[in-house]
A.B. asks: 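The structure under discussion is supplied below as structure tokens; questions concerning it will follow.
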Amino acid sequence: MAAPLGGMFSGQPPGHPGDSRGPASLLQAAPGPPRTSNSTLVDELESSFEACFASLVSQDYVNGTDQEEIRTGVDQCIQKFLDIARQTECFFLQKRLQLSVQKPEQVIKEDVSELRNELQRKDALVQKHLTKLRHWQQVLEDINVQHKKPAEIPQGSLAYLEQASANIPAPMKQT
């Protein structure tokens with residue numbers, strides 16, 4: 001996964017002469033320990049995630065060591081992963097800020113695109129609700145038509161009750 005991003009996250013300062021890999025990393029500004037020359041932030045994020053996963057399925061923990069020791073080890077792995085994830089987020093936020101300063105029209109285009117997508121999603125949701133509304137309006141209309149057949153409704157309250165009770169099924173006999 002990190003291969004296509006090769007060098008993008010290296011610890012070289014911005015504007016390093018002779019760097020033909022594109023924009024250099026801004027990791028010098030990111031908090032945290034210094035990185036080795038061949039280690040990238042993505043590699044460290046991946047290895048810290050693997051360490052978290054390995055600590056959860058480690059055979060040492062399954063064999064029954066001290067619960068506090070297990071908890072401490074897992075907490076340390078998770079904390080390291082979260083720290084590197086924050087550094088990664090910081091890197092991308094810095095790149096985003098750099099892009100917004102250098103090409104503000106690109107940010108506006110992205111915002112417009114996001115707004116268009118949101119409008120399309122909401123239009124589809126409105127259409128879905130309108131379809132449901134029409135369905136239930138039709139159901140209510142059908143119910144009203146059934147209850148308003150004046151020719152079939154006999155006059156008088158007793159006759160109405162008799163007809164209404166005729167539609168109720170008789171209770172089943174228990175044997």
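In what follows, every heavy atom counts, from backbone to side chain, and hydrogens, waters and symmetry copies are set aside. Here the structure is a predicted model, which means the values were calculated and not measured.
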A.B. asks: According to side chain to side chain contact (heavy atoms under 4.5 Å, CB included), who are the partners of I108, at least two apart in sequence or on a separate chain?
C.D. replies: V112
A.B. asks: Would you compute the distance between atom CG of L41 and atom CZ of F92 and round it to the nearest 0.5 angstrom?
C.D. replies: 8.0 Å
A.B. asks: Once rounded to the nearest 0.5 Å, what's the spacing between atom CD of Q137 and atom CG of L140?
C.D. replies: 8.0 Å
A.B. asks: What is the distance from atom CD of E105 to atom NZ of K109, rounded to the nearest 0.5 Å?
C.D. replies: 6.0 Å
A.B. asks: Does S48 use its side chain to pair, donor to acceptor, with the backbone of E44 at less than 3.5 Å?
C.D. replies: yes
A.B. asks: Quick check for you: to the nearest 0.5 Å, what is the distance between H135 atom NE2 and L130 atom CG?
C.D. replies: 14.5 Å
A.B. asks: Which residues pass the side chain to side chain donor-acceptor pair (under 3.5 Å) test with Q138, not counting sequence neighbours?
C.D. replies: D142
A.B. asks: Once salt bridge (charged side-chain N to carboxylate O under 4.0 Å, His left out) is applied, do any residues pair with E110, and if so which ones, sequence neighbours excluded?
C.D. replies: R96
A.B. asks: Listed by chain and number, what are the side chain to side chain donor-acceptor pair (under 3.5 Å) partners of K122, not counting sequence neighbours?
C.D. replies: E118
A.B. asks: Would a 4.5 Å heavy-atom cut-off, applied to side chains only, mark D111 and E114 as touching?
C.D. replies: yes
A.B. asks: Measuring from L115:CG to L119:CG, what's the distance to the nearest 0.5 Å?
C.D. replies: 7.0 Å
A.B. asks: When rounded to the nearest 0.5 angstrom, what distance separates CD in Q127 from CG in L133?
C.D. replies: 11.5 Å
A.B. asks: Checking one residue: I143. Which other hydrophobic residues are in its cluster under the side-chain 4.5 Å linking rule?
C.D. replies: W136, V139
A.B. asks: Can you give the donor-acceptor pairs under 3.5 Å from side chains of residues 72-85 to other protein atoms, not counting sequence neighbours?
C.D. replies:
{"from": "T72", "atom 1": "OG1", "to": "E68", "atom 2": "O", "distance (Å)": "2.8"}
{"from": "Q79", "atom 1": "NE2", "to": "D83", "atom 2": "OD1", "distance (Å)": "3.2"}
{"from": "D83", "atom 1": "OD1", "to": "R86", "atom 2": "NH1", "distance (Å)": "3.0"}

